[in-house]
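Since this is a predicted model, take the numbers as computed values, not measurements.
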Amino acid sequence: MTNRIAFQGELGAYSHEACRKARPGMEAMPCRTFEDAIDAVRTGQAVLAMLPVENSTYGRVADIHSLLPQSGLHIIEEAFVRVHINLLGVPGTSLSSVTHAMSHTVLLGQCKAFLQKHGIHRLTGADTAGSAQHVSQSADPAIAALASPLAGEIYGLDLLASHIEDNANNTTRFLIMSPDVDTSRRGSHGMITSFVFQVRNIPAALYKAMGGFATNGVNMTKLESYMVDGSFTATQFYADIEGHPDDANVALALDELNYFTANIEILGVYPADPGRY
């Protein structure tokens, strides 16, 4: 049986780093897209998928929430990974010789202060690890990559500057997805329940639906909306709450939510990662 965990990106990506941290005994399987990572699990090429959902600096990862309900997979764990951004150059390069830094546009935006201080121009790459690979292959001392320490290790690049991100708390939250449901109580920091729902077309439906969580003392840590099938009138909501569906107060809140919604789909019940606190 395969012992792989699939992720989107090249070897050395921050998602690869998350795989190594959360599942060090598994083989990390790079995939071109999020859909490919999900399909790898559905077709048995991998047993788990590691998907980023949000970054503390950049916000929500585009399109990921709309993929989760259709994936056929279930959230079994979350992982919080500090995004340490390093400037990586070809062997023998000095920081003073670097004129351009290549990376994904998100990372370029998270190192503005450092790049401006050193007069380094930005080059947009397809992704972080791919940029590190490009710099390694180009062997140009004037071009460096902004990427993870793991990318530098994999592509044989020198560390020119470490932890250069503008935000010292820069963190990405990942979800570990499995084809199997696991609602068992586990972990030492409580449980998280994630679900999606659509409210019924009645006045104040969302307000009334949320009331059940307030009156039953359930903490909702995330509520986001996104359009369904490109329609401006069909809005789906993604939510995270603290607690297990079998908890009395959570069960009451979900019952009340059910009354005001067209449908509810629980995506996963999993232990809270200590990194969220």
task: For side chain to side chain donor-acceptor pair (under 3.5 Å), just list the numbers for Thr93 and Asp158, CA-CA rounded to whole Å, side-chain angles, deciding distance to a tenth of an Å, and then say yes or no.
output: CA-CA 7 Å; Thr93 300; Asp158 282 355; over 6 Å; no

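- Sorted pairs that involve residues 132-157 and meet ring-ring contact (aromatic ring centres under 6.0 Å, His included), not counting sequence neighbours, are lacking altogether.
- Side-chain contacts under 4.5 Å among hydrophobic residues (ILVMFWY), followed directly or transitively, place Val181 with no other residue at all.
- Residues in residues 242-276 take part in no ring-ring contact (aromatic ring centres under 6.0 Å, His included) pair, two or more places apart or across chains.
- Nearest heavy atom pair, residue Thr2 against residue Val47, reads O-CG1, 3.4 Å.
- In terms of the ring-ring contact (aromatic ring centres under 6.0 Å, His included) criterion, residue partners of Phe237 (sequence neighbours excluded) are, by chain and number, Phe197.
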task: Go through Gln137 and Gln133 one step at a time and tell me if the side chain to side chain contact (heavy atoms under 4.5 Å, CB included) criterion holds.
output: CA-CA 6 Å; Gln137 293 171 346; Gln133 185 179 39; 3.7 Å; yes

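- Of the charged side-chain nitrogens involved, at least one lies within less than 4.0 Å of a carboxylate oxygen, so that Glu27 and Arg4 count as a salt-bridged pair.
- Partners of Asp255 by side-chain contact (heavy atoms from CB on, under 4.5 Å), not counting sequence neighbours: none found.
- Take Glu242 and apply the side-chain contact (heavy atoms from CB on, under 4.5 Å) test, not counting sequence neighbours, and it matches Ile192, Asn219, Thr221, Tyr277.
- Scored by the salt bridge (Lys or Arg N to Asp or Glu O under 4.0 Å) test, Asp140 finds no partners at all (sequence neighbours excluded).
- A search for salt bridge (Lys or Arg N to Asp or Glu O under 4.0 Å) contacts involving Lys208 returns nothing, not counting sequence neighbours.
- Ion pair Arg276/Asp273 not flagged as a salt bridge, since none of the NZ, NE, NH1 or NH2 atoms sits closer than 4.0 Å to an Asp/Glu carboxylate oxygen.
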task: Walk me through it: do Glu77 and Arg23 pass the test salt bridge (Lys or Arg N to Asp or Glu O under 4.0 Å)?
output: CA-CA 11 Å; Glu77 200 172 310; Arg23 292 292 189 277; 3.0 Å; yes

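- Val83 pairs in a side chain to side chain contact (heavy atoms under 4.5 Å, CB included) with only one of the listed residues (Val106, Thr171, Thr172), which is Thr172.
- Gln110 and Asn170 share a side-chain donor-acceptor pair at under 3.5 Å.
- Residues in residues 80-112 take part in these ring-ring contact (aromatic ring centres under 6.0 Å, His included) pairs, two or more places apart or across chains: His84-His163, His100-His121.
- A search for salt bridge (Lys or Arg N to Asp or Glu O under 4.0 Å) contacts involving Arg122 returns nothing, not counting sequence neighbours.
- For residues 4-29, the pairs satisfying ring-ring contact (aromatic ring centres under 6.0 Å, His included) are Phe7-His16, with sequence neighbours left out.
- At least one side-chain heavy atom of Leu108 sits under 4.5 Å from a side-chain heavy atom of Leu146.
- For Ile120, the side-chain contact (heavy atoms from CB on, under 4.5 Å) partners two or more places apart in sequence, or in a different chain, are Leu87, Leu95, Val98, Ala101, Phe114, Leu115, His118.
- When side chains are defined from C-beta on, Glu10 counts as touching Asp127, because their heavy atoms get closer than 4.5 Å.
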